[in-house]
Amino acid sequence: MNIIFVKIEERMESKVRVRFAPSPTGGLHLGGVRTVLFNYLFAKHHGGEFVLRIEDTDQTRFVAGAEQYIQDTLAWCGLIPNESPLHGGPFAPYRQSERKAIYKEYADQLIKNGQAYYAFDTAADLEAKRAEIANFQYSKAYRMEMKNSIALPTEEVEKLLQTNTPYVVRIKIPDQAEVTFEDMIRGEVSFDASTVDDKVLLKADGMPTYHLAVVVDDHLMKITHAFRGEEWLPSAPVHILLWQYLFGLDKMPKWAHLPLILKPDGHGKLSKRDGERLGFPVFAMDWTDPNTKETTIGFKEKGFLPEAFVNLLAMLGWNDGTDKEIFSIEELIANFSLERVHKGGAKFDYEKAKWFNAEWMKKTDNNKLAELVQPYFDKAGIEVHEASYLVKVIGLVKERCVLLPDFITQSSFFFQAPSVIDIASIQPKWEEKKQDFFIELVKIYANKIVEGLKTMPAETLETDFKELATAHSLKPGDLMLPFRIMLVGGKFGPGVFDIVENIELQDAMTRINHTLGLLSSN
RNA sequence: GGCCGGUUCGUCUAUCGGCUAGGACAGCCCCCUUUCACGGGGCAAAGACGGGUUCGAUUCCCGUACCGGCUACCA
């Protein structure tokens, strides 16, 4: 028996190099970004390099704009690759479609060494065979019944090749081979390679499949540690065999198969559909399919801060062993270790995700928040005359905002009078005494304005308000809610006197009068 | 079906053989707040099951169950 055993040596003498290798087929979802993140954290923790490689070998699934989207997403998250298709690097090109010729050479070498072979079966041939034989596998058991350079006489193979018959190149899995390797997260994993079929390495269009491309490029790009989702575990033996055939197992990167991110309800891998169904983003940023024009919302546009997004992703499958949950990217880099990455998948919890964002909002500087919030104000058509005023308002309302757009609902009344007044919450307990009180309050404010005051400190406003209430033999408490609703339109917002202080006396008067008008006309 | 992986409160998780199984999110209650939040305090809530190993297992081993992944000329 041919035993392949790969051990992790604790050597780290060569510079750590990792890669993220997505296919440009659409938006980048949570699981993808987390794979990037763990790659990045591992590389930076060890002072290594992070490479972005685009695996665009499937021309039928290629989607225009997806590559740009991936780069933009990494930029938003702050996970900038050292080498990429856009910025190049010493191992360019970084797009597999541009490396087509390279893979052919290696496929030829495998064929020459008897480790791979030509297969001429058409799609129909394969379909028929699969229909005929339950659990059909293109391997030892049925290889000889198929149209390939192992089963066919040499002359016929020659003839097929000379007449340009379409073919694929398949790896020849050894009849008996136990493949064992050390996964950095899972420990020793072993497979009986004969249960794997002869995977296609080179497709009929001359493009490599993932199996060949990942091995060749990881070698050529000197990748030392390869991270990928757990869904790749079953094909690991193919890759290990290829490493053995092509470059030697001593050169092979160490593998780490990351746990999956699961649906919040039910079971299975989290998908784009789950987000739509349950009402939360799954992609990092908005993604518009160029064909259907359909847009899928992203965490960025939903109003998440990149710091929070990265933080929450890191905690999905990793922790530092303490109760600490809020980590900056620098702290993550400093503390990250693969030993603390989980083996089991984690269900995504949107409520917890929002909590991370709320925490990061509180930590973020008001000036920074103002910058981020400005576009939402623009979109809502709310004019911000002074940036400094926005910064001040943000300080007043930030702890009641979870997502960036919450600033609109929580603070629009600082910039314009509310368009809707929740009269229904005032009316039941409304009485003439209260009306008189507010008429008097307006007069007081008018006098202050005549005295040359535009506004007054919240504390003074509050004292005056309470004194006036007492004078009208009313409890201040019974007046606060109506006052709040007059100012903001409903039962929300920061302290009423903080609001009055900021919107200034003139505006407050206008709003009181407006509501008084509504109340008397009803 | 076959192969591989996984399994601690509803969810994310701590525990690296030693018993009040800790924290966070969500839920509920109270305080603060004459709005809503934030904040503070509290309640409720977990080791899939069965065997071993051991003085002692959530922790180590085996089996079972359940869940997941893969099983394409997709990645």
Side-chain angles (χ1 to χ4, degrees), chain A residues 21-25 55-58 60-61 119 121-123 126-127 130 134-138 166-170 183 185-186 189-197 199-211 213-214 228-237 257 259-260 262-269 312 315-326 339-340 342-356 358-359 362 397-402 406 409-410 422 425 475-485 487-488 490-496:
Chain A
S23 294
T25 54
E55 308 220 338
D56 55 349
T57 55
D58 185 354
T60 62
R61 292 212 310 159
D121 316 273
T122 62
L126 291 168
E127 207 177 305
R130 282 193 257 262
N135 300 325
F136 170 77
Q137 276 212 139
Y138 206 118
Y167 67 84
V168 300
V169 174
R170 285 180 183 272
D183 184 277
I185 293 170
R186 279 148 223 286
V189 183
S190 60
F191 298 82
D192 177 355
S194 62
T195 62
V196 184
D197 58 358
K199 295 290 180 203
V200 170
L201 263 22
L202 212 60
K203 299 184 255 189
D205 64 1
M207 278 289 190
T209 58
Y210 173 83
H211 306 298
V214 72
R228 69 204 333 188
E230 192 187 348
E231 70 269 26
W232 286 107
L233 207 41
S235 48
H257 290 90
L260 267 15
L262 277 13
K263 300 174 193 295
D265 62 341
H267 304 283
K269 261 201 290 189
L312 74 92
M315 301 312 287
L316 234 41
W318 176 86
N319 70 81
D320 75 344
T322 72
D323 290 339
K324 187 175 164 69
E325 292 191 275
I326 302 298
E339 294 83 69
R340 298 209 61 89
H342 270 241
K343 295 182 175 77
K347 286 183 187 169
F348 177 66
D349 181 359
Y350 188 52
E351 291 306 318
K352 183 93 184 209
K354 286 193 288 191
W355 174 77
F356 276 106
E359 291 300 306
K362 282 184 252 169
V397 303
K398 70 191 284 188
E399 74 269 12
R400 51 199 96 207
C401 295
V402 172
D406 293 345
T409 50
Q410 288 294 337
D422 181 14
S425 293
K475 278 187 278 185
D478 294 335
L479 297 161
M480 296 282 261
L481 188 64
F483 194 24
R484 163 177 301 283
I485 292 172
L487 296 169
V488 314
K491 300 183 209 175
F492 54 88
V496 281

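Order of the sequence lines fixes the chain letters, A, B, ..., with proteins taken first and strands second; residue numbering starts at 1 for each chain.
Picking from rG6(B), rA72(B), rA75(B) the nucleotide with the shortest atom distance to the side chain of Arg130(A) gives rA72(B). You'll find that the side chain of Arg340(A) is closest to rA14(B), out of rU35(B), rA14(B), rA72(B). Comparing rG5(B), rA75(B), rC73(B) by their nearest atom to the side chain of Arg186(A) picks out rG5(B). Picking from rG5(B), rU35(B), rU11(B) the nucleotide with the shortest atom distance to the side chain of Leu233(A) gives rG5(B). With rC25(B), rC73(B), rG68(B) as the candidates, the nucleotide lying closest to the side chain of Leu260(A) is rG68(B). The nucleotide whose nearest atom lies closest to any side-chain atom of Val189(A) is, among rC4(B), rU35(B), rU13(B), rC4(B). Considering only the side chain of Glu231(A), rA75(B) comes nearest among rC3(B), rG39(B), rA75(B). If you check rC70(B), rA26(B), rU35(B) against the side chain of Pro234(A), the one that comes closest is rC70(B). Listed candidates were rU35(B), rA24(B), rC73(B). Nearest to the side chain of Phe492(A) is rU35(B). If you check rG22(B), rU71(B), rU35(B) against the side chain of Arg400(A), the one that comes closest is rU35(B).
Residues Val200(A) and Tyr138(A) fail the side-chain proximity criterion, which asks for heavy atoms closer than 4.5 Å.
In this structure, Leu312(A) atom CG and rU11(B) atom P are separated by 18 Å, rounded to whole Å. Put simply, CZ on Phe483(A) is 15 Å from P on rU35(B), counting in whole angstrom units. The CG-P distance, from Asp265(A) to rC67(B), rounds to 15 Å in whole Å. Residue Glu399(A) contributes atom CD, which lies 10 Å from atom C1' of rG39(B) at whole-angstrom precision. In this structure, Asn135(A) places its CG atom 9 Å from C1' of rU71(B), rounding to the nearest Å. rC12(B) atom P lies 18 Å from atom OH of Tyr350(A), rounded to whole Å. A straight line from NZ of Lys398(A) to P of rC36(B) spans 23 Å, rounded to a whole angstrom. Leu316(A) has its CG atom 18 Å from the P atom of rG6(B), to the nearest Å.
Base pairing annotation: rU53(B) forms no Watson-Crick or G-U wobble pair, as no partner gives both donor-acceptor distances under 3.5 Å. Across all strands shown, rG69(B) is found opposite rC3(B) as a Watson-Crick or G-U wobble partner, with both distances under 3.5 Å. Across all strands shown, rU59(B) remains unpaired; no Watson-Crick or G-U wobble contact has both distances below 3.5 Å. With a 3.5 Å ceiling on both atom-pair distances, rU20(B) lacks any Watson-Crick or G-U wobble partner. Across all strands shown, rU33(B) remains unpaired; no Watson-Crick or G-U wobble contact has both distances below 3.5 Å. In this structure, rC25(B) and rG10(B) make a Watson-Crick or G-U wobble pair, each of the two defining distances being under 3.5 angstrom.
Within 4.0 Å (heavy atoms only), Asp478(A) reaches no atom of the nucleic acid at all. Nucleic acid contact class of Thr60(A) (heavy atoms, under 4.0 Å, all strands): none. Within the 4.0 angstrom heavy-atom criterion, only backbone atoms of the sugar-phosphate kind lie near Val200(A); the bases stay farther away. Residue-level contact check: Ala346(A) touches the backbone only, with heavy atoms under 4.0 Å from sugar-phosphate atoms and none from bases. Base contact: Gly493(A) has a heavy atom under 4.0 Å from a base atom. Residue Gly317(A) is in sugar-phosphate contact alone, with no base atom involved, counting any heavy-atom pair closer than 4.0 Å across all strands shown.
Atom NZ of Lys475(A) has 12 or fewer heavy atoms from other residues, nucleotides or ligands within 6.0 Å.
The minimum heavy-atom distance between Val168(A) and Ala204(A), with the atom names listed, is CG1-N, 3.7 Å.
Within the 3.5 Å criterion, the main-chain N or O of Ile485(A) finds no donor-acceptor partner in the side chain of Asp422(A). With hydrogens and angles disregarded, a donor-acceptor distance shorter than 3.5 Å links the side chain of Lys324(A) to the backbone of Ile326(A). A side-chain donor-acceptor contact under 3.5 Å links Arg340(A) to the backbone of Asn319(A). Proximity of a side-chain donor or acceptor of Arg484(A) to a complementary backbone N or O of Pro494(A) within less than 3.5 Å is detected.
Look at His342(A) and you'll find a side-chain N or O under 4.0 angstrom from OP1 or OP2 of rA14(B). Note on Lys269(A): a side-chain N or O is less than 4.0 Å away from OP1 or OP2 of rC70(B). OP1 or OP2 of rA14(B) lies within a sub-4.0 Å distance of a side-chain N or O belonging to Asn319(A). One finds no side-chain N or O of Thr322(A) lying less than 4.0 angstrom from the OP1 or OP2 phosphate oxygen of rG23(B). A close approach under 4.0 Å does occur between a side-chain nitrogen or oxygen of Lys203(A) and OP1 or OP2 of rA75(B). Within the structure, a side-chain polar atom (N or O) of Lys362(A) is placed less than 4.0 Å from OP1 or OP2 of rG39(B). Using a 4.0 Å cut-off, no side-chain N or O of Arg61(A) falls inside it from OP1 or OP2 of rA75(B).
For the P atoms, the distance linking rG47(B) with rU8(B) amounts to 11 Å, nearest Å. Spacing of C1' atoms, rA57(B) relative to rC38(B), comes out at 43 Å, to the nearest Å. Comparing the C1' positions of rA45(B) and rU64(B) gives a spacing of 27 Å, expressed to the nearest Å. If you take atom P in rC16(B) and the same atom in rU20(B), they sit 15 Å apart, rounded to whole Å. Of the C1' atoms belonging to rU13(B) and rC30(B), the separation is 28 Å, rounded to the nearest Å. On the P atoms, rU54(B) is 37 Å away from rG1(B), given to the nearest whole Å. For the P atom pair drawn from rG22(B) and rU58(B), the interatomic distance equals 15 Å after rounding to whole Å. On the P atoms, rC32(B) is 44 Å away from rC49(B), given to the nearest whole Å.
A salt bridge between Asp349(A) and Lys352(A) is absent, with no side-chain N of the basic residue lying under 4.0 Å from a carboxylate O of the acidic one. Contact check on Lys354(A) versus Glu351(A) returns a salt bridge, with a Lys/Arg side-chain nitrogen under 4.0 Å from an Asp/Glu carboxylate oxygen.
One N or O donor and one acceptor, one from the side chain of Lys352(A) and one from the base of rA24(B), sit under 3.5 Å apart.
Checking His211(A) against Gly344(A), the closest nucleotide of RNA chain B that is more toward the 5' end is the one next to Gly344(A).
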